[in-house]
Amino acid sequence: MKVQSTTTQQDDHFLISNYDYKSTNIEKNGEKYIAKPQITNFKFKTDTRIPKLGVMLVGWGGNNGTTLTGGILANKFNITWNSRRGTHQPNFYGSLTQSSVIKIGTCNTEEVFVPFKDVLPMVNPCDIIFGGWDINSMNLADAMNRAQVVEYDLQQKLRPYLEKLVPLPSIYYPDFIAANQGDRADNVIPGNNKLEHLNIIRKNIADFKQQNNLDKVILLWTANTERFCVEDPNVHGTAEKLLKSIESSHPEISASTIFACAACLEGCSFINGSPQNTIVPGVIELAEKAGVFVAGDDFKTGQTKFKTCLVEYLVGAGIKPKAIISYNHLGNNDGKNLSQESCFKSKERSKKTCVDDILESNKVLYPTEEELNIDHTIVIKYCPETGDSKKAMDEYIAEIFLGGRQTFAVYNVCEDSLLAAPLIMDLLLLCELFERIKFSKDSCEYQRFDTVLSWLSYLMKAPKSESGITTINALSRQRAMLENLVKVCAGLTVDDNLRLEVRYG
Ligand code: NAD
């Protein structure tokens, strides 16, 4: 695809697009809203040179880590496998960037769509170099077997590639994850000195980058869900305080926060795929200083994606959700870890907040704070027999016309890591792309996006936003935001779905 337009310029290194952003400023005058449409000029400058990307996963030997690494290798080497359903080809189904399309315009009234990945130059996932840590020493071939996610025949074909991959020893603070994980911890950096831990992780990152001759590295936490750390401004509030607290091995510094700090100090962006409060204010300040991004929290894979879609539909249709009751049972190691109350609480929090903004937007349905307080119950049970095929059962009860009720009972078999792996890949590819985009407002100097990369909210269960920016959870709004950003950067027109060129062209 090539964009021919007077508002777009391209040379060997950069693509610059000029965009008149139309928004509406609302002023409140007593009970009245005064709407003032306005136009702001933005320039987006994308570095089109694709870097050699390395990714380090924390929790590399887990279900997500092994499924992601093996799935990408299967695609890279076009490995086919057999099951009782026949021969299978590798694909990237479930990846927004690799398997979804974007409408770029119309050709003789026909709408034209291209793959998301083709709108702006992006890293090919098959070119990513993977590394990482795990508190368990199993090589990735054995760990994939333990995970029971990937078909046996494919496991066998991947074995020669995966058995060479062994996670680096990691930091293990037993107090932060469930006690039932203790028997996995045979690959642990010794000692209790958190500063030494930080320095070892930093060295691991620097060595990985240098040994693989990488242009950049991104870190992603896909290790166990930790309990929330007890956040204290004196401990976590600024970069300086955080580093001091690490120096004194403060007990409320979690392993995930050490990884986030190490990433920032080594000039790498950090993504938190679990719900805990890893990205404390001190981490954000470190990231800001280093000019890297942080993004979180908790991958938005099956149940929550559906929830933010269904609730958006109901509220958008003027129907009033009154109760959401979500049951999950799962039998993988994530479920085992979540069976401890402190870790469950982290997950409950991120699962519960995911519809708040959708409800709050509609004051016709929810005129008071009290009404916003709907019954939203989360239950998670560990049932080993279920393995990675997590069952999510949700009941949605909504109030309709004249006091009637509409009830949805949704049964969702999530195949957890097969949903999470392509999503993790998208997080990495989009984070890398956003590191190459700069923008300028009203002809001011170019700057990078905010440190907290809320553009990735489509992929996060409890999206972290820059301070002062409201979080958007509604799925279609999150997707439109991402789609429109890449279109704008490429110099394409943002679609308002009026389709006037087709109706009256
Ligand atoms: P998993 O238990 O299979 O893998 C986690 C891995 O992390 C294990 O191998 C464990 O040994 C390792 N680990 C624990 N503490 C560590 C540490 N300090 N350093 C390095 N490694 C450590 O879990 P999973 O199914 O791969 O999920 C990973 C995370 O992703 C969980 O927190 C889960 O809640 C989150 N998540 C998963 C999904 C999904 O759909 N799969 C969705 C949202 C969030």
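One-based numbering along the sequence shown. Atoms within a ligand are numbered from 1 in the order they appear, just like the ligands themselves.
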Of the listed options ([options]), which comes nearest to [atom] when hydrogens are ignored and any heavy atom counts?
atom: atom 23 (O) of ligand 1; options: Ile189, Ile424, Asp334, Asp134; value: Asp334
atom: atom 26 (O) of ligand 1; options: Leu423, Asn64, Asp186, Asp298; value: Asn64
atom: atom 18 (N) of ligand 1; options: Ile135, Asp297, Ile171; value: Ile171

Taking [Y]'s backbone N and O only, do any of them form a donor-acceptor pair with [X]'s side chain (distance below 3.5 Å, no angle check)?
X: Lys322; Y: Ile374; value: no
X: Thr386; Y: Ser389; value: no
X: Ser346; Y: Glu226; value: yes

Could you list which atoms of ligand 1 come closer than 4.0 Å to a heavy atom of [X]?
X: Val58; value: 19 (N), 20 (C)
X: Ala420; value: 39 (C), 40 (O), 41 (N)
X: Asn63; value: 1 (P), 3 (O), 4 (O), 25 (O), 26 (O)
X: Gly61; value: 9 (O)
X: Arg184; value: 8 (C), 9 (O), 10 (C), 11 (O)
X: Gly59; value: 6 (C), 7 (O), 12 (C), 20 (C), 21 (N)
X: Thr225; value: 31 (C), 32 (O), 33 (C), 34 (O)

query = Is the closest side-chain donor-acceptor distance between Gln303 and Asp394 under 3.5 Å?
reply =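 Yes.
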message = Any donor-acceptor pair under 3.5 Å linking the side-chain atoms of Ser170 with those of Asp134?
response = no
Write out the residue and atom name of the closest protein heavy atom to [atom], then the distance separating them to 0.1 Å.
atom: atom 4 (O) of ligand 1; result: Gly62 CA, 3.2 Å
atom: atom 5 (C) of ligand 1; result: Asn224 OD1, 3.1 Å
atom: atom 29 (C) of ligand 1; result: Ala223 O, 3.3 Å
atom: atom 35 (C) of ligand 1; result: Gly273 O, 3.6 Å

One thing to verify: whether [Y] and [X] come together as a salt bridge, which I'm taking to mean a side-chain N less than 4.0 angstrom from a carboxylate O.
X: Asp232; Y: Lys241; result: no
X: Lys244; Y: Glu247; result: no
X: Lys203; Y: Asp207; result: yes
X: Lys307; Y: Glu312; result: no

key: Stepwise salt bridge (Lys or Arg N to Asp or Glu O under 4.0 Å) check, Lys209 with Asp215   = CA-CA 8 Å; Lys209 191 170 178 193; Asp215 296 316; over 6 Å; no
Side chain, backbone, both or neither: which part of [X] has a heavy atom under 4.0 Å from ligand 1?
X: Ser170; result: side chain
X: Thr301; result: side chain
X: Leu338; result: neither

key: Within 45° cone of Tyr173 ring axis and under 6.0 Å: Lys194 NZ or CZ   =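 Yes, Lys194 and Tyr173 form such a contact.
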key: Phe344 six-ring face occupied by Lys381 cation (under 6.0 Å, within 45°)   =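 Judged by the rule, Lys381 and Phe344 form no cation-pi pair.
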message = Here's a test for you: under side chain to side chain contact (heavy atoms under 4.5 Å, CB included), which of Lys461, Gln478, Lys300 qualifies with Lys305?
response =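 With Lys305 as partner, side chain to side chain contact (heavy atoms under 4.5 Å, CB included) holds for just one option, Lys300.
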Taking distance alone, with no angle check, do [X] and ligand 1 share an N/O pair under 3.5 Å?
X: Asn332; answer: no
X: Asp416; answer: yes
X: Ser274; answer: yes
X: Phe299; answer: no

inquiry  = Heavy-atom contact check, 4.0 Å cutoff: does Asn337 meet ligand 1?
reply    =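 Checking ligand 1 against Asn337, which is what was asked, there is no heavy-atom contact under 4.0 Å.
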